J.: 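So that we are looking at the same thing, I have put the structure below in structure tokens.
Note that these values count all heavy atoms, side chains included, but never hydrogens, waters or copies made by symmetry. The model shown is predicted, which means the values in this text are computed figures rather than measured ones.
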Amino acid sequence: MGNKQTTFTDEQFESYQDCTFFTRKEILRLHGRYRELAPHLVPLDYTNDPDIKLPLTLLISMPELKENPFRDRIVQTFSEDGQGNLSFNDFVDMFSALCESSSRELKTIYAFKIYDFNRDNFICKEDMEKTINKLTKGELTPEEVTLVCDKAIEEADLDGDSKLSFADFENMISKAPDFLRLAQIPGLVYVLMVQEAVS
């Protein structure tokens, strides 16, 4: 019985380390997590850059995402194809952007993308309604959801176009001191907005 170990080239390791917040050991751990999801698909040897993508259904079953109401959107946001199929590179990017070491700016960029359900580069009222409904698990009445969304837009919309641009969102986040800690779980950014809106 040989010792089977994940293999990457030095160049691959250097590339991952240059583009992420991870050490070689952490990259190997991430590969182990990725491989656990589909050991029959994901090879140990990555020296030839295999073209493997795991489907959304497998990825959202991970303990790290399983309970997150935004699990589908998180995975779709980081998938190159936009459908939620992640290559190992996408998988590493996702964990890097949402890890504790990630910068406030990077977390803000990805939080915005996650909440932009219709992918029009704005967070409109419909995006906010979906977000609030996911966060509250549908426990608010439609009137309460509308009230929260209207209040959030009123507070955060700097240019008066009734939707949040990235600049509006970034400004709102700058007023949330807990954002860095909470952005590891993207749904919690909106908890801050909801708390402000109802108080």
Side-chain angles (χ1 to χ4, degrees), residues 1-103 105-119 127 130-131 133-138 179-191:
M1 295 211 167
N3 182 12
K4 295 197 176 200
Q5 205 171 0
T6 303
T7 308
F8 291 95
T9 65
D10 285 337
E11 291 80 22
Q12 286 172 309
F13 273 126
E14 287 171 18
S15 176
Y16 286 127
Q17 287 178 289
D18 288 346
C19 298
T20 69
F21 299 96
F22 298 126
T23 64
R24 284 180 181 230
K25 188 175 182 180
E26 290 166 330
I27 292 162
L28 288 171
R29 262 194 248 131
L30 280 173
H31 180 268
R33 292 289 296 120
Y34 187 71
R35 191 167 192 280
E36 281 174 16
L37 295 169
H40 59 288
L41 289 176
V42 180
L44 285 169
D45 184 349
Y46 255 70
T47 56
N48 294 321
D49 285 321
D51 185 25
I52 307 292
K53 291 185 179 178
L54 298 186
L56 176 78
T57 53
L58 284 177
L59 295 155
I60 62 173
S61 69
M62 294 175 54
E64 296 88 343
L65 294 173
K66 196 174 184 177
E67 301 302 319
N68 191 308
F70 294 92
R71 63 188 164 272
D72 292 12
R73 284 294 303 139
I74 292 168
V75 174
Q76 289 165 349
T77 298
F78 285 93
S79 83
E80 202 171 299
D81 67 11
Q83 301 301 307
N85 302 305
L86 294 188
S87 67
F88 180 63
N89 290 349
D90 298 334
F91 188 79
V92 171
D93 288 345
M94 178 177 72
F95 275 91
S96 181
L98 300 177
C99 77
E100 194 174 322
S101 306
S102 177
S103 70
E105 293 77 19
L106 187 61
K107 288 179 182 179
T108 302
I109 289 166
Y110 280 104
F112 183 83
K113 288 180 180 189
I114 290 165
Y115 301 140
D116 180 15
F117 284 85
N118 63 10
R119 298 178 186 163
D127 293 329
K130 287 180 182 179
T131 298
N133 282 321
K134 282 186 175 289
L135 281 173
T136 62
K137 298 178 182 167
F179 175 69
L180 280 178
R181 183 177 53 83
L182 297 177
Q184 295 170 51
I185 307 170
L188 295 180
V189 173
Y190 262 96
V191 168

J.: Looking at residues at least two apart in the chain, or sitting in another chain, which of them share a side chain to side chain donor-acceptor pair (under 3.5 Å) with Thr47?
T.: Asp45

J.: Return yes when atom CD of Glu36 has more than 12 non-hydrogen atoms of other residues, nucleotides or ligands closer than 6.0 Å, and no otherwise.
T.: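 Yes, CD of Glu36 has more than 12 neighbouring heavy atoms, counting only those of other groups under 6.0 Å.
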
J.: Checking side-chain polar atoms at under 3.5 Å, does Asp90 have a donor or acceptor matched by the opposite partner on Ser87?
T.: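 Side-chain D/A pair, Asp90 to Ser87: present.
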
J.: Is the backbone N or O of Asp127 less than 3.5 Å from a side-chain atom of Asn118, with the two atoms forming a donor-acceptor pair by type?
T.: no

J.: For Leu86 and Tyr34, which heavy atoms make the closest approach, and how far apart are they?
T.: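 Closest heavy-atom pair between Leu86 and Tyr34: O-OH, 2.7 Å.
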
J.: With rounding to the nearest 0.5 angstrom, report the CG to OG1 distance, Leu106 to Thr108.
T.: 8.5 Å

J.: Taking atom OG1 of Thr20 and atom CE of Met94, what is their separation to the nearest 0.5 Å?
T.: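 Nearest 0.5 Å value for the OG1-CE distance: 13.5 Å.
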
J.: Would you say Leu58 and Pro55 make side-chain contact, with heavy atoms under 4.5 Å?
T.: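 In short, these two side chains touch, coming nearer than 4.5 Å.
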
J.: So which heavy atom on Gln76 is nearest to which on Leu56, and how close?
T.: NE2-CD2, 4.4 Å

J.: Closest approach of Ser102 and Ala97, non-hydrogen atoms and distance?
T.: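 Residues Ser102 and Ala97, closest heavy atoms: OG-O, 2.9 Å.
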
J.: Look up atom CD1 in Ile74 and atom CG in Leu65, then write down how far apart they are to the nearest 0.5 Å.
T.: 5.5 Å

J.: Which of these, Phe91, Phe88, Tyr16, sits in a ring-ring contact (aromatic ring centres under 6.0 Å, His included) with His31?
T.: Phe88

J.: Calculate, to the nearest 0.5 Å, the distance between atoms CD1 and CZ belonging to Ile60 and Arg71 respectively.
T.: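 With rounding to 0.5 Å, CD1 (Ile60) is 5.5 Å from CZ (Arg71).
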
J.: By the salt bridge (charged side-chain N to carboxylate O under 4.0 Å, His left out) test, which pairs, at least two apart or in different chains, include something from residues 48-66?
T.: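 Every pair satisfying salt bridge (charged side-chain N to carboxylate O under 4.0 Å, His left out) with a residue in residues 48-66: Arg33-Glu64.
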
J.: Excluding sequence neighbours, so at least two apart, what forms salt bridge (Lys or Arg N to Asp or Glu O under 4.0 Å) with Glu14?
T.: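 Here no residue qualifies.
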
J.: Please determine whether side chain to side chain contact (heavy atoms under 4.5 Å, CB included) holds for the pair Leu135 and Phe70, giving the CA-CA distance in whole Å, both sets of side-chain angles, and the decisive distance to 0.1 Å.
T.: CA-CA 8 Å; Leu135 281 173; Phe70 294 92; 3.8 Å; yes

J.: Where the side chain of Lys107 meets the backbone of Cys99, is there a donor-acceptor pair that is under 3.5 Å apart?
T.: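 Here the side-chain-to-backbone pair exists.
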
J.: Just to verify, what does Asn85 make a side chain to side chain donor-acceptor pair (under 3.5 Å) with, not counting sequence neighbours?
T.: Asp81

J.: Tell me every residue that passes salt bridge (Lys or Arg N to Asp or Glu O under 4.0 Å) with Asp10, counting only those two or more places apart in sequence or in another chain.
T.: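 Counting only residues at least two positions away or on another chain, Asp10 forms a salt bridge (Lys or Arg N to Asp or Glu O under 4.0 Å) with Arg24.
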
J.: Looking only at heavy atoms, what is the nearest atom pair of Cys19 and Ser96, with distance?
T.: O-OG, 4.4 Å

J.: Under 4.5 Å between any side-chain heavy atoms of Ile27 and Tyr46, yes or no?
T.: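 Result no, sub-4.5 Å side-chain heavy-atom pair not found.
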
J.: Could you tell me the separation between the CG atom of Asp72 and the NZ atom of Lys134, rounded to the nearest 0.5 Å?
T.: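 Here the interatomic distance stands at 6.0 Å.
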
J.: When you look at Met62 and Val75, which way does the side chain to side chain contact (heavy atoms under 4.5 Å, CB included) test go after all the steps?
T.: CA-CA 11 Å; Met62 294 175 54; Val75 174; over 6 Å; no

J.: To check you understand the geometry: which heavy-atom pair defines the closest contact between Thr77 and Arg73, and what is its length?
T.: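 In terms of heavy atoms, the two residues are closest at OG1-O, 2.7 Å.
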
J.: Distance check, rounded to the nearest 0.5 Å: Leu44 atom CG versus Thr7 atom OG1?
T.: 7.0 Å

J.: Kindly write out the residues that satisfy side chain to side chain donor-acceptor pair (under 3.5 Å) with Tyr110, not counting sequence neighbours, or none if the list is empty.
T.: none

